[in-house]
Asker: 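Handing you this structure, nothing more for now.
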Amino acid sequence: ERLARLAPYRKADPYVAYLAGGCEADLARWQGQPERSSELARETLATQEEAGTPWVLSAIWPAALALAAEGDLAERARAGGDQAAAKEHLAVGEDLLARARSALERARELGRQVGPEALAWLARAEAEWARVEGRPDPAAWAAAADAFGYGYLYEEARCRWRLAEAWLLEG
């Protein structure tokens, strides 16, 4: 309901687009709608890229959220034997990861200070990329959990859940 009330403001305000779009993407994923989650996160990412230099680091969070949804979709495709869909999610994920990495590089080129939150979300994007590729990567999930250790308990816990999952998949 709150997200619907914010919808008219998304086009006019990059910050509203960022917060509402990212939160709605995360919510859609938790509600079992990874297609919608990926779409919303990619739309949010586009708004931040269109907003330009002042919002350069803001691209990392929605890219990570979209990668999480693409990881879910790629897992589902592989489980269903749909190699064409898995390949498509891999291509989307590769693009998303490149955009997240590029945002960090661009911020550094501009001399921007890069704080722990941006680095943590990039670490999560890297770990989600492993899921898109179909491989467990405990080291990437441990790095993401540690990166959120600055005090973002919810994301740290979510990364530790994925870390446990990666350990199980590795045997």
Side-chain angles (χ1 to χ4, degrees), residues 1-51 55-80 85-86 88-100 103-104 115-134 137 140-141 143-145 147-166:
E1 182 181 307
R2 289 180 184 143
L3 291 167
R5 284 196 312 249
L6 289 170
Y9 304 102
R10 286 187 188 182
K11 299 243 185 271
D13 187 328
Y15 194 62
V16 173
Y18 174 70
L19 287 178
C23 288
E24 188 171 358
D26 206 16
L27 176 63
R29 186 165 166 260
W30 279 111
Q31 291 176 331
Q33 302 171 346
E35 295 91 350
R36 176 135 175 78
S37 175
S38 179
E39 177 186 320
L40 287 163
R42 287 183 285 139
E43 286 173 7
T44 303
L45 173 58
T47 66
Q48 299 314 293
E49 291 171 336
E50 289 166 9
W55 299 91
V56 67
L57 285 171
S58 298
I60 298 172
W61 178 48
L65 294 174
L67 276 158
E70 290 299 320
D72 293 346
L73 292 165
E75 285 176 350
R76 186 168 64 189
R78 283 190 298 273
E88 182 180 319
H89 296 300
L90 192 64
V92 171
E94 189 171 26
D95 175 64
L96 290 165
L97 183 61
R99 290 161 75 182
L104 179 67
E117 185 176 13
L119 296 174
W121 281 108
L122 186 58
R124 170 127 180 249
E126 298 283 353
E128 294 290 2
W129 169 242
R131 288 183 57 237
V132 175
E133 287 186 304
D137 192 339
W141 284 109
F148 282 112
Y150 65 87
Y152 199 159
L153 298 177
Y154 179 78
E155 286 303 328
E156 184 180 1
R158 195 156 42 173
C159 290
R160 291 200 185 285
W161 163 45
R162 289 290 184 197
L163 172 59
E165 181 181 69

Asker: On the 0 to 90° scale, with breaks at 30° and 60°, tag the Tyr18-Trp61 ring pair as parallel, tilted or perpendicular.
Answerer: perpendicular

Asker: Which pair of heavy atoms, one from Ala41 and one from Ala25, lies closest together, and at what distance?
Answerer: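 Closest approach of Ala41 to Ala25, heavy atoms only: N-CB, 3.7 Å.
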
Asker: What is the minimum heavy-atom distance between Gly93 and Val132, and which atoms define it?
Answerer: CA-CG1, 4.4 Å

Asker: Identify, with sequence neighbours excluded, every residue that meets side-chain hydrogen bond (donor to acceptor under 3.5 Å, both in side chains) alongside Arg29.
Answerer: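 Arg29 satisfies side-chain hydrogen bond (donor to acceptor under 3.5 Å, both in side chains) with Asp72 only.
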
Asker: Looking only at heavy atoms, what is the nearest atom pair of Ala64 and Glu128, with distance?
Answerer: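 In terms of heavy atoms, the two residues are closest at O-CG, 4.2 Å.
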
Asker: Can you tell if the side chain of Glu156 reaches within under 4.5 Å of the side chain of Leu153, non-hydrogen atoms only?
Answerer: yes

Asker: Starting at CD of Glu43, measure out to CZ of Arg10 and round the result to the nearest 0.5 Å.
Answerer: 8.0 Å

Asker: List in chain and number order the residues that pass side-chain hydrogen bond (donor to acceptor under 3.5 Å, both in side chains) with Arg36, two or more places apart in sequence or in another chain; answer none if no residue qualifies.
Answerer: Glu24

Asker: Nearest heavy-atom pair of Thr44 and Gly22: which atoms, and what distance?
Answerer: OG1-N, 3.7 Å

Asker: Checking the side chain of Ser37 only, and the main-chain atoms of Asp26 only, is there a donor and an acceptor separated by less than 3.5 Å?
Answerer: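 Side chain of Ser37 to backbone of Asp26, a donor-acceptor pair under 3.5 Å: no, none is there.
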
Asker: Would you call Phe148 and Tyr154 a side-chain contact if the rule is heavy atoms closer than 4.5 Å?
Answerer: no

Asker: Could you give me the CA-CA distance, side-chain angles and deciding distance for Trp121 and Glu155, then say whether side-chain contact (heavy atoms from CB on, under 4.5 Å) is met?
Answerer: CA-CA 9 Å; Trp121 281 108; Glu155 286 303 328; 3.4 Å; yes

Asker: Compare all side-chain heavy atoms of Arg99 with those of Leu45 and state whether any distance is below 4.5 angstrom.
Answerer: yes

Asker: Nearest 0.5 angstrom please: Cys23 SG to Leu65 CG, how far?
Answerer: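 Result: 8.5 Å between the selected atoms.
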
Asker: Is any side-chain heavy atom of Trp141 closer than 4.5 Å to one of Arg124?
Answerer: yes

Asker: Checking Arg42 now: which residues fulfil side-chain hydrogen bond (donor to acceptor under 3.5 Å, both in side chains) with it, not counting sequence neighbours?
Answerer: Ser38

Asker: Please name the pair of heavy atoms, one in Arg131 and one in Arg78, separated by the smallest distance, quoted to 0.1 Å.
Answerer: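 Closest heavy-atom pair between Arg131 and Arg78: O-NH2, 3.0 Å.
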
Asker: Has Gln48 got a side-chain atom pairing as donor or acceptor with Pro14's backbone, closer than 3.5 angstrom?
Answerer: yes

Asker: Residues two or more places apart in sequence or in another chain: which of them pass side-chain hydrogen bond (donor to acceptor under 3.5 Å, both in side chains) with Asp13?
Answerer: none

Asker: Tell me, yes or no, whether the heavy-atom count around Glu94 atom CD, taken from other residues, nucleotides or ligands under 6.0 Å, exceeds 12.
Answerer: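 Incorrect, the count does not exceed 12.
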
Asker: Taking only residues two or more places apart in sequence, or in another chain, which ones meet Leu97 in a side-chain contact (heavy atoms from CB on, under 4.5 Å)?
Answerer: Leu67, Arg101, Ala125, Glu126, Trp129

Asker: Which heavy atom in Ile60 sits nearest to a heavy atom in Ala118, and how many Å separate them?
Answerer: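 Scanning both residues completely, I find the closest heavy atoms to be CG2-O, 3.9 Å.
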
Asker: Arg2: what forms a side-chain contact (heavy atoms from CB on, under 4.5 Å) with it, not counting sequence neighbours?
Answerer: Arg5

Asker: Can you tell me how far apart CD (Glu70) and CG (Leu90) are? Round to the nearest 0.5 Å.
Answerer: 10.0 Å

Asker: Does atom OH of Tyr150 have more than 12 heavy-atom neighbours, drawn from other residues, nucleotides or ligands, at distances under 6.0 Å?
Answerer: yes

Asker: When rounded to the nearest 0.5 angstrom, what distance separates CG in Asp137 from CG in Leu163?
Answerer: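 Nearest 0.5 Å value for the CG-CG distance: 10.0 Å.
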
